[in-house]
Amino acid sequence: MRKKDNKKYDGLKRRVKKFSYERNLMVHGSWTMLNGIPCVVWHKFLKDDENVVGEYFEDSRFNSFMLNAKKLMEILQLMHTELEK
């Protein structure tokens, strides 16, 4: 694949990377409520093997995740259609 061809997939790669981080956090984390806001706690293996990290997961963050997921589906459906031709 030529370098120019790779460029057109950069946006898709960034979107998939962001999506996978949020997805893994939601699926593999332990959920609780702090001050009425959903919070996910997880063991951050990528940095070291001693720390536990907690992150708020407010509605705006979940909505952003859903918009990203929908956009990814649209892109992948278009790619699938093109490959089927």
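Values reported hereafter were calculated over all heavy atoms of this structure, with side chains retained and with hydrogens, waters and symmetry mates removed.
- Counting only residues at least two apart or in different chains, side-chain hydrogen bond (donor to acceptor under 3.5 Å, both in side chains) contacts with residues 75-85 comprise Glu82-Lys85.
- Rounded to the nearest 0.5 angstrom, Phe57 CZ and Glu55 CD are separated by 8.0 Å.
- With rounding to the nearest 0.5 angstrom, the CG atom of Asn24 is 9.5 Å from the CE atom of Met26.
- Residues Met33 and Cys39 form no side-chain contact, since every pair of their non-hydrogen atoms from C-beta on lies 4.5 Å or further apart.
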Apply the test side-chain contact (heavy atoms from CB on, under 4.5 Å) to residues Val40 and His28: give CA-CA distance (whole Å), side-chain angles for both, the deciding distance (0.1 Å), then the verdict. CA-CA 9 Å; Val40 61; His28 299 293; over 6 Å; no
Table please: side-chain donor-acceptor pairs of residues 64-74 below 3.5 Å, with sequence neighbours left out.
| unit_1 | atom_1 | unit_2 | atom_2 | d |
| --- | --- | --- | --- | --- |
| Asn68 | OD1 | Arg15 | NH1 | 2.8 |
| Asn68 | ND2 | Arg15 | O | 3.3 |

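- By the 6.0 Å contact criterion, CG on Asn63 is enclosed, its count of non-hydrogen atoms from other residues, nucleotides or ligands being greater than 12.
- In this structure, Trp31 contributes its side chain and Val41 its backbone to no donor-acceptor pair below 3.5 Å.
- Counting side-chain heavy-atom gaps under 4.5 Å among Ile, Leu, Val, Met, Phe, Trp and Tyr, the cluster of Tyr56 also holds Leu34, Ile37.
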Val16/Lys13 under side-chain contact (heavy atoms from CB on, under 4.5 Å): CA gap, chis, key distance, verdict: CA-CA 5 Å; Val16 167; Lys13 286 191 279 188; 5.9 Å; no
